[in-house]
2 protein chains.
Amino acid sequence: MAVADFSQIRRNEHLPARIAAQIGREISEGRIAPGHKLPTEHLLAKTFGVSRSVIREAIAQLRNEGLVETRQGVGAFATEIDRRQSLRIEQDDLADRDSFRSLFQLRLALEVEAAALAAVHHTLPDLAKLDEALAQMNGAEKWTDQGIVADLAFHRFVASATRNEYFLQFITFIAERTHLAINAARAAAVLEEIVEVTIAEHVAIRDAIATRDPAEAKEAMRRHLYGAASRLGLKLEML
Amino acid sequence: MAVADFSQIRRNEHLPARIAAQIGREISEGRIAPGHKLPTEHLLAKTFGVSRSVIREAIAQLRNEGLVETRQGVGAFATEIDRRQSLRIEQDDLADRDSFRSLFQLRLALEVEAAALAAVHHTLPDLAKLDEALAQMNGAEKWTDQGIVADLAFHRFVASATRNEYFLQFITFIAERTHLAINAARAAAVLEEIVEVTIAEHVAIRDAIATRDPAEAKEAMRRHLYGAASRLGLKLEML
DNA sequence: TCTTGTACGGTTGTCTGATAACCTTATATG
DNA sequence: CATATAAGGTTATCAGACAACCGTACAAGA
């Protein structure tokens, strides 16, 4: 684990990223209202005590996120809300237990529906992939990340079997975020329990999908995610 | 309508955005594999025929998306998939009917669950906001965007009443994307039908939430979104 | 008085060149 | 063989200049 610790040392964030984060916060917390103009690049450079090109790189980042739009000769403006082009999940936010639970609750909604869609749309190669992931879970040694990798793969294959690209993107993204957050919390004891107990739950999901039973697939996925949340000490709502 | 047409003229995209899009495509289409190194800034500047600072701004954008990570003195690398920090929905993709239906199906899963959570967690001010949005729907003149604005507000308030920040962010984002796509398709005739027919459906959602009945809230939201999809000519799956 | 054209000042977009900081590899030394 | 140093290459930041664009003010003409 010592080597892993060193690899987790965080490189300092570059100036443009830090400045973009600050300006982004000003905008998302309402201190710069939508449609309003940002200070000029020259003034921002003086204010932050950096060169203008650092400011330009920061604004390029914000522009890419859709938080800011620039007009040559005029200035940079905070956009109206509906111009935002991406959804971000800040990993640091997930260190907060309530935020983590909130994301897990949202993941539940998506994955339960995905299980039902997979029950309808899966193909034989999809089933083979699920079986492969199950086999990797069975072979996973304790105290390693291998069980988690197999778990992520299982969920990714379920999402892929929906034949819906957005379910695949969203579920893969959210599942990875939640697992990264679990890793960061270093709940090593929880990892072991997850690996052992959830194999049966994953098998139940696989079997419900294979028998093309959407209601049972939903139920199996629900049981699995509630179980996972419970093992993580999270209290989800079953509605 | 003529004035509106003129306001839609599109500004040329700046060089860094265009270059970031090209490099991003190379990465997402697998021609630059995860973990592999990009050409140096100097070489990219020569290849694209631009200055190095344009390249740096492009890379800053890609870095912000998590597609690329840079190491000073070494180079820029395409990231492993799990380092991607945001979910994007490209508006152009939603011009494709199947993609639009896929996103709508995902929206269904989220909004149905949100209605149930709102039934449990809403407050009196939440109900007042829902009523306000309903009043705006009633007052909306045909052939304007006002009905859509009220509809978006209604869904945003439902999501807010879940008391779950991620439901709020995700639902707001997806609802706006779908409405922008509808606008872009200029289905003016459909707009009128949406505004008139769906008020009753929204009222049913509001009432189920107010009576704290999660199952009924789910059912009401389901009927609303299936109805909306049907009016848009989309065939969703009810599972 | 109203409309059109021009000038001016300010701001963003891009370019050029330089140095700092970092990383990797090769070579020298004990 | 292990450690230290040098060299070369690359990114990160800085500074300055000019191009392109925009908004406003003012002048000229109808």
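Keep in mind that this is a model prediction, so the values were computed, not measured. Proteins come first, then strands; the chains are lettered A, B, ... in the order of their sequence lines, and each starts at number 1.
The closest side-chain heavy-atom distance from B/Leu62 to A/Gln61 is not below 4.5 Å. Side-chain contact between A/Phe167 and B/Gln105: present, with at least one pair of heavy atoms (C-beta onward) separated by less than 4.5 Å. Side-chain contact between B/Glu65 and B/Ile27: absent, with no pair of heavy atoms (C-beta onward) separated by less than 4.5 Å. You'll find the side chain of B/Arg63 reaches within 4.5 Å of the side chain of B/Thr70, heavy atoms only.
At whole-Å resolution of the value, CZ in A/Arg18 and P in D/dA12 are 14 Å apart. Following rounding to the nearest Å, A/Glu69 (CD) and D/dC22 (P) show an atom-to-atom distance of 13 Å. At whole-Å resolution of the value, CD in B/Glu57 and P in C/dT12 are 12 Å apart. Rounded to an integer number of Å, the gap from A/Gln61 CD to D/dA12 P is 11 Å. Atom NE2 of A/His14 is separated from atom C1' of D/dT11 by 8 Å (rounded to the nearest Å). When rounded to the nearest whole Å, the span between CD1 of A/Ile19 and P of D/dA12 equals 14 Å. Following rounding to the nearest Å, B/Ile55 (CD1) and C/dT14 (P) show an atom-to-atom distance of 11 Å.
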Find every protein N or O atom lying less than 3.5 Å from an N or O atom of nucleotides 23-26 of chain D, and list the pairs.
{"from": "D/dG23", "atom 1": "OP1", "to": "A/Arg71", "atom 2": "NH2", "distance (Å)": "3.2"}

Check nucleotides 15-18 of chain D against the protein and report each pair of N or O atoms closer than 3.5 Å, with its distance, or say if there are none.
{"from": "D/dA17", "atom 1": "N6", "to": "A/Arg52", "atom 2": "NH1", "distance (Å)": "3.4"}

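Relative to the side chain of A/Val54, the nucleotides D/dT13, D/dT11, C/dG13 differ in distance, and D/dT13 lies closest.
Shown here are the side-chain contact (heavy atoms from CB on, under 4.5 Å) partners of A/Glu165, two or more places apart in sequence or in another chain: A/Leu168, A/Gln169. Take A/Thr47 and apply the side chain to side chain donor-acceptor pair (under 3.5 Å) test, not counting sequence neighbours, and it matches no residue. In this structure, the side chain to side chain donor-acceptor pair (under 3.5 Å) partners of B/Asp96, at least two apart in sequence or on a different chain, are B/Ser99.
Sorted by residue number, the members of residues 37-49 of chain B with any non-hydrogen atom under 4.0 Å from DNA chain D read B/Thr40, B/Glu41.
Taking every heavy atom of both residues into account, B/Leu94 and B/Arg177 meet most closely at CD1-O, 3.8 Å.
Backbone-only engagement by A/Leu15 is indicated by non-hydrogen atom pairs under 4.0 Å involving sugar-phosphate atoms exclusively.
Not one N or O on the side chain of B/Asp126 forms a donor-acceptor pair closer than 3.5 Å with the backbone of B/Ala161. Side chain of A/Ser160 to main chain of A/Arg156: no donor-acceptor pair is present (N/O by atom type, distance under 3.5 Å, no hydrogens or angles).
With hydrogens and angles left out, the side-chain atoms of B/His155 and B/His179 include no donor and acceptor closer than 3.5 Å.
OP1 or OP2 of D/dT11 has not a single side-chain nitrogen or oxygen of B/Arg56 nearer than 4.0 Å.
For D/dA12, its base never sits under 3.5 Å from the side chain of B/Gln72 at any donor and acceptor pair.
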